Protein chains: 2
Amino acid sequence: METGRDLMEAVGERCGHCSGRSVSICNVIDDADLPALVAESSRVIVPSGRCFIEEGCAADHFYVLTGGRAKLFNLMVDGRRQIIGFAELGDFLGLASSDAYAFTAEALGDVTLCRFSHSSIERLVERFPRLRGRLQKEASSELVKMQSRLMLLGRKTARERLATFLIEQARPCCVYAEQWRNENGPMTLPLPMSRMDIADYLGLTIETVSRTFSLFKREGLISTKGASSVTLLALGNLADIANGLE
Amino acid sequence: METGRDLMEAVGERCGHCSGRSVSICNVIDDADLPALVAESSRVIVPSGRCFIEEGCAADHFYVLTGGRAKLFNLMVDGRRQIIGFAELGDFLGLASSDAYAFTAEALGDVTLCRFSHSSIERLVERFPRLRGRLQKEASSELVKMQSRLMLLGRKTARERLATFLIEQARPCCVYAEQWRNENGPMTLPLPMSRMDIADYLGLTIETVSRTFSLFKREGLISTKGASSVTLLALGNLADIANGLE
DNA sequence: CGATTGTTTGATATATATCAATAACCGTGG
DNA sequence: CCACGGTTATTGATATATATCAAACAATCG
């Protein structure tokens, strides 16, 4: 912890208190090893809307997201889409076991990435032994998150889904530093994704998402400024709704 | 591969061609090391209906399923249930990152398990280096399966969900040896889980599951003998339905 | 063999989807 | 800065897939 250093720092970005949606490797790299790490990687800048990982394509590289956010999704032949998750600062993408990517990743706004050749992972893990444990740990925490998403999609109502989503967005990583100081008061969140994205994440339609937003507004649980900024006014109540308590 | 030996064999059971729903460690143990492995483990027999892992409880042990099948699920406070998956021969259970189990595991029929202390995993991985790679690989393949479950629960119709489920059950591991020889012909599967279990796995109600079974029967896609045995008569069609092609 | 539990089928209700019309937002160019 | 056009979001009316409620039926087990 004390001697460690972020990969994010190694590639020029700072990591907050994020706990990585996918796989984060905070604090497993010693300062002395930074040059070696940087040598293995290349920086990539992806403009808004561009896909940098495509389902089914050869999984040549994996990425660490160092700026911006991305949506990860799967498609069915007829166009139905399920968003798997939203990647943020520090997340690992494209570490799938197989030789083809299992999902598509598209930049939500401009995104910066640190790219590694897929074959370099062996070298990296050998060189930075703590990295391995970290990868495992984060992979299994990712599995736990997936489990709660199954509950959300299989058993929760639209209200519960949106409340869950909003609570999820309220994690420190997603909120500006000044704002997550007083976690009890109102909390303003940016929502870089469209209503369509939220719908495809929650297994709903845009109309249902929109109506549920309006409902929450009428109930005084949230307020909005445009479609891409929410203020959570009653985190406790939202959490209760998210868990089916009211 | 050639020199390897199954953990399942080490604890007295044979592993078919299963590719492990959770985390399998087939073929990573050398014969010479078997005694050491057995020394670390203890056998457990769980009667039908008994929970051997409970969500929220201290994660002291992890298990390898060596006989029978189990259902893994999460509950909401009001009793809504989402089945995460059905564990089968060779699956690893309870390897969560945190110190509490993230789901409950209940025996579907009698189950035999090989139990390891959670603290022994470090020793095991050190002693059997190939185990580590295998664990990682299987964990990430588990993540891929989870992704397709998100699509199922978020975007598929009841028809598509049940077809997907039936196809899933038709993997070699679940079928008697004689039957998966001719993969093109009719394939008879045991369904050890109740309609309620299937419903909670697919995010539906028992009634909808039952009606969809009947529909498939009327369409000549399947036939049943009692509620716990299905014969798939048209795997291709079912696969098409599962993927939204008809 | 009856009693109990689980499954299937039927009738109806409802949450959410779909279709359709406004309304708000956003970038652009005057 | 404002007007404009296109996009995205909201709201409304209606349809529909699935849930819910209820009954008959089948399987299981003493």
Side-chain angles (χ1 to χ4, degrees), chain A residues 47-49 71 76 78-82 106 108-110 152-166 190-219 222-230 241 244, chain B residues 47-49 71 76 78-82 106 108-110 152-165 190-219 222-230 241 244 246:
Chain A
S48 184
K71 55 188 178 196
M76 287 177 70
D78 58 4
R80 277 176 283 176
R81 189 176 68 154
Q82 178 64 48
E106 181 184 323
L108 271 173
D110 294 350
L152 180 141
L153 293 172
R155 289 304 182 206
K156 288 190 181 178
T157 65
R159 258 174 87 77
E160 292 164 351
R161 292 181 201 202
L162 190 64
T164 307
F165 169 76
L166 290 172
L191 293 181
M193 65 292 286
S194 68
R195 291 291 185 266
M196 178 60 96
D197 290 336
I198 297 174
D200 285 344
Y201 181 66
L202 299 178
L204 301 169
T205 59
I206 44 177
E207 292 93 335
T208 300
V209 169
S210 189
R211 277 184 242 275
T212 309
F213 264 110
S214 302
L215 202 67
F216 283 172
K217 274 192 270 189
R218 256 174 278 138
E219 296 176 315
I222 64 170
S223 68
T224 60
K225 181 172 279 190
S228 54
S229 170
V230 214
I241 294 172
Chain B
S48 184
K71 54 188 178 195
M76 288 178 68
D78 58 5
R80 275 176 284 177
R81 188 175 69 152
Q82 178 64 48
E106 181 185 322
L108 270 172
D110 294 351
L152 181 142
L153 293 172
R155 289 303 182 208
K156 288 190 182 179
T157 66
R159 257 175 87 77
E160 291 164 352
R161 293 182 200 201
L162 189 64
T164 307
F165 169 76
L191 293 181
M193 64 292 284
S194 68
R195 292 291 186 264
M196 177 60 96
D197 290 336
I198 298 174
D200 285 343
Y201 181 66
L202 299 178
L204 301 169
T205 59
I206 43 176
E207 292 94 335
T208 299
V209 169
S210 189
R211 276 185 242 275
T212 309
F213 263 110
S214 302
L215 201 66
F216 284 172
K217 273 192 272 188
R218 255 175 279 137
E219 296 176 315
I222 64 171
S223 67
T224 61
K225 182 172 281 189
S228 53
S229 169
V230 215
I241 295 172
E246 63 181 68

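So you know, we letter chains A, B, ... as the sequences are listed, proteins then strands, and number each from 1. The model shown is predicted, which means the values in this text are computed figures rather than measured ones.
For the atom pair CG of Leu191(B) and CG of Leu108(B), the computed distance is 10.5 Å after rounding to the nearest 0.5 Å. Remark: Leu162(A) CG to Ile198(A) CD1 distance equals 7.0 Å, nearest 0.5 Å. Between atom NZ of residue Lys156(B) and atom CZ of residue Arg161(B) there is a gap of 9.5 Å, rounded to the nearest 0.5 Å.
Whole-Å rounding puts the Ile206(A) CD1 to dT7(D) C1' distance at 12 Å. Distance Leu191(A) CG to dT10(D) P: 10 Å, rounded to the nearest Å. In this entry the distance linking CG of Leu108(B) with P of dG6(C) reads 13 Å, nearest Å. What separates CD1 of Ile198(A) from C1' of dT10(D) is a distance of 14 Å, to the nearest Å. Rounded to whole angstrom, the span from the CZ atom of Phe213(A) across to the P atom of dT11(D) amounts to 12 Å. Atom CZ in Arg195(A) sits about 11 Å away from atom P in dC26(C), given to the nearest Å.
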- Query: What is the per-nucleotide protein-contact pattern of nucleotides 13-30 of chain D, from the 5' end, where B denotes a base atom under 4.0 Å from a protein heavy atom, S denotes such proximity for sugar-phosphate atoms only, and - denotes neither?
  - Reply: B----SSBB---------
- Query: Met196(A) and Asp200(A): side-chain contact (heavy atoms from CB on, under 4.5 Å), yes or no, with the steps?
  - Reply: CA-CA 6 Å; Met196(A) 178 60 96; Asp200(A) 285 344; 3.9 Å; yes
- Message: Working note: Val230(B) + Phe216(B), criterion side-chain contact (heavy atoms from CB on, under 4.5 Å); need CA distance, chi angles, decisive distance, verdict.
- Response: CA-CA 11 Å; Val230(B) 215; Phe216(B) 284 172; over 6 Å; no
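Two residues are said to be in side-chain contact when any heavy atoms from C-beta on lie closer than 4.5 Å; Val209(A) and Phe165(A) fail this criterion.
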